[in-house]
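Please read these numbers as outputs of a predicted model, since none were measured by experiment. In listed order, ligands and their atoms are each counted from 1.
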Amino acid sequence: MEIKYLGHSAFEIETTGKKILIDPFLVCVPNYKPENIYDIFVTHAHGDHLGNAIDISKQTGAPITAVFELANYCKSKGAKANDIGIGAWCEYSWGRGIAVPAFHSSSTPDGVYGGMPCGYILEIEGKTIYHAGDTGLNSEMKMIGEVYEPDIAMLPIGGKYTMDIEHAVKAAEWLGASEIIPMHYNTFDAISVDINDFERQIREIGKFPRIMGINENK
Ligand code: NI
Ligand code: MN
């Protein structure tokens, strides 16, 4: 399995030749070419997460997994979509996934209600990955740690609209993941952070801060 950071909260995960996209807002990678995309996950309807998902679905035929209201919105725009509810496992050709709660809001750029925002747990090649979406720190993360035992957690750290570094460190403790990938920071001024603070504080709690450059693979 290979994880590639596409900037902001966007990731491409490749497993046995199949690619999965999460929150494909692609301003940081203008030359990105979607190929072999099997599934697209969108955590909520805000433009910096829904991003290019609808176009990529139309272009590749890959369905967008999203909560019911957002999936229906994507279908209304001509995309394929897999409508789900929070807390229900979904089987995929490469593994399985489940939407978990996020504490945020969700409306599309044209003002349509997007249902509840969520994060995702993905089980791929024996590893459990948690993408938190946009969220504040919340006690559901204790449940996520206990029930899903993530190996890798992708956490927003930019503050203002989501957790900041201080809260992301607490989340990392509750989640129990050994590797923490920061996201949703430094894309624009309102969410700028000193990434060295994140690195130091995550190391202090005995975890590995995986700070990924744009287009970098892990
Ligand atoms: Ni948002
Ligand atoms: Mn956001």
Side-chain angles (χ1 to χ4, degrees), residues 3-13 20-30 32 40-57 64-74 77 79 81 83-86 97 99-122 129-138 140-141 144 152-172 175 180-195 198 211-214:
I3 298 173
K4 184 190 273 188
Y5 185 46
L6 302 177
H8 202 54
S9 295
F11 293 86
E12 181 198 80
I13 301 173
I20 301 154
L21 286 171
I22 309 173
D23 283 355
F25 172 65
L26 303 176
V27 289
C28 302
V29 287
Y32 179 79
I40 304 162
F41 288 83
V42 178
T43 60
H44 64 293
H46 291 158
D48 59 321
H49 298 261
L50 182 57
N52 305 68
I54 290 169
D55 285 343
I56 294 171
S57 172
I64 297 169
T65 292
V67 296
F68 180 76
E69 291 83 356
L70 179 53
N72 283 344
Y73 175 83
C74 293
K77 300 290 180 189
D83 59 318
I84 54 149
I86 286 173
V100 293
F103 284 65
H104 192 61
S105 64
S106 183
S107 53
T108 66
D110 47 349
V112 177
Y113 172 60
M116 248 181 93
C118 69
Y120 288 103
I121 300 283
L122 304 178
I129 298 169
Y130 168 50
H131 185 296
D134 276 359
T135 185
L137 181 66
N138 64 83
E140 292 299 320
M141 291 170 180
I144 292 168
I152 299 169
M154 298 154 170
L155 301 179
I157 65 163
K160 177 80 170 165
Y161 308 106
T162 70
M163 294 190 286
D164 58 9
I165 291 172
E166 181 186 339
H167 282 177
V169 170
K170 180 51 77 179
L175 291 162
I180 312 297
I181 301 176
M183 63 179 185
H184 213 273
Y185 70 98
N186 290 358
T187 321
F188 37 89
D189 286 348
I191 57 171
S192 64
V193 303
D194 181 350
I195 196 64
F198 168 82
I211 297 157
M212 300 184 74
I214 308 287

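Nearest N/O/S atom of H46 with respect to the Ni ion (ligand 1) is recorded as ND1. Closest approach between the Mn ion (ligand 2) and any N/O/S atom of D48 involves OD2. When distances from the Ni ion (ligand 1) to the N, O or S atoms of D134 are compared, OD2 comes out shortest.
Annotation for D110: atom CG counts as buried by contact number, over 12 foreign heavy atoms lying within 6.0 Å.
Within the 3.5 Å criterion, the main-chain N or O of H104 finds no donor-acceptor partner in the side chain of D134. A donor-acceptor distance shorter than 3.5 angstrom exists from the side chain of Y120 to the backbone of T65, with no hydrogens or angles considered. Side-chain N or O atoms of N186 include one that pairs as donor or acceptor with a backbone N or O of V193 at under 3.5 Å. Between the Y185 side chain and the F188 main chain, no donor and acceptor come within less than 3.5 Å of each other.
Remark: at the Ni ion (ligand 1), atom NE2 from H104 and atom NE2 from H44 enclose 100°, rounded to the nearest 10 degrees. In this structure, OD2 of D134 and NE2 of H49 enclose an angle of 90° at the Mn ion (ligand 2), rounded to 10°.
Two rings, from H131 and F41, have their centers 6.0 Å or more apart.
Because the distance cut-off is set at 2.8 Å, H44 fails to qualify as a neighbour of the Mn ion (ligand 2), as none of its N, O or S atoms comes that close. For the Mn ion (ligand 2), the set of nearby N, O or S atoms under 2.8 Å includes none belonging to H104.
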